[in-house]
Amino acid sequence: MYIVFEGIDGSGKSTQIQLLKEWLEANGLSVETFVEPTDSEVGKLIREVLQRPNAQTEEVQKTLALLFAADRMLLMDKLEDESKIIISDRSFISSLAYQEPVEWVEVLNKYAKKPDLIILLDLDVAKSVSRTSGEDTFENEEFLARVRGNYLNIVKNYEHQIINANNGVNKVSSDIKKAVAPYLGICPDCIR
Ligand code: TYD
């Protein structure tokens with residue numbers, strides 16, 4: 001099963017993925033996690049471009065979409081391991097939410113692996129901005145408000161669960177466990 005965590009910057013994906021992984025392993029399941037952008041050479045270039053002031057212009061967004069798709073290609077085989085639960089911090093769904101134009105992003109990601117389940121950590125934009133460093137050009141309120149709206153529309157096309165990420169870490173974690181349990185045959189009453 002391929003579970004993808006999505007959400008605007010600062011929504012707590014990495015913390016929550018770690019907590020979910022530990023809990024699934026405690027339930028006897030085998031889990032592997034991945035992060036996009038990766039730490040490949042392409043991933044490093046992406047992080048550098050994200051800090052440029054022009055990262056939101058159409059030209060750079062198109063280039064970023066290409067780079068994200070290339071970086072994603074490097075992961076493709078690893079996501080196919082059916083013997084494990086694969087949890088990814090971001091996927092091509094991030095490209096659909098952050099990059100434009102949408103037709104461009106769709107073409108570039110035609111062969112990207114589709115998630116079996118999206119966990120969307122939905123966070124208020126003001127909270128997101130206060131949690132992030134502001135170093136990346138994307139970390140501003142107007143842009144992230146658009147991304148948040150995009151996410152809420154995009155996930156409708158996929159199996160998904162929307163989690164309120166404005167709550168504390170423990171509440172968010174237990175909401176995620178409750179959302180994931182039915183897909184994995186874990187007894188919902190056993191969730192603490
Ligand atoms: P990251 O450094 O992981 O930020 P965070 O920990 O806040 O998620 O991700 C870098 C940025 O890359 C983040 O602002 C989202 C953006 N991004 C895209 O714009 N498109 C993509 O396809 C992906 C995977 C990430």
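All ligand and atom numbering here is 1-based and tracks the order in the structure.
Distance from atom 9 (O) of ligand 1 to its nearest protein heavy atom, with residue and atom name: P37 CD, 3.7 Å. Here the heavy atom of the protein found nearest to atom 14 (O) of ligand 1 is D9 OD2, 2.6 Å. Closest to atom 11 (C) of ligand 1, if we only count protein heavy atoms, is L50 CD1, 3.5 Å. For atom 22 (O) of ligand 1, the closest non-hydrogen atom on the protein side is S95 OG, 2.6 Å. At the shortest separation from atom 6 (O) of ligand 1 among protein heavy atoms lies K13 NZ, 4.6 Å.
E36 and F92 get closest at one heavy-atom pair: OE1-N, 4.5 Å. Residue V105 comes nearest to E100 through the heavy atom pair CG2-N, 4.2 Å, listed as atom of the first residue, atom of the second, then distance.
Ion pairing between a basic and an acidic side chain is recognised when a charged N comes within 4.0 Å of a carboxylate O; E25 and K21 show such pairing. A salt bridge links E41 with K44: the distance from a Lys NZ or Arg NE/NH1/NH2 to an Asp or Glu carboxylate oxygen falls below 4.0 Å.
Taking 4.5 Å as the limit, some side-chain heavy atom of I186 sits within range of a side-chain heavy atom of W23. Counting heavy atoms from C-beta on, the side chains of Q99 and L108 never come closer than 4.5 Å.
Contact annotation: for L64 versus ligand 1, there are no heavy atoms closer than 4.0 Å.
Open room surrounds CD on E142; 12 or fewer heavy atoms of other groups in view lie less than 6.0 Å from it.
The atoms of ligand 1 that sit less than 4.0 Å from any heavy atom of R47 are 1 (P), 2 (O).
Nearest-heavy-atom check against atom 16 (C) of ligand 1 across F68, F143, F92 picks out F68.
At under 3.5 Å, a nitrogen or oxygen of R72, whether backbone or side chain, sits near a nitrogen or oxygen of ligand 1. On a distance-only criterion, Q99 and ligand 1 share at least one N/O pair closer than 3.5 Å.
Assignment of E139 to the shell around ligand 1 is not supported, since no heavy atom sits closer than 4.0 Å.
Among Q61, R90, R72, the single residue meeting the side chain to side chain donor-acceptor pair (under 3.5 Å) criterion with S95 is R72.
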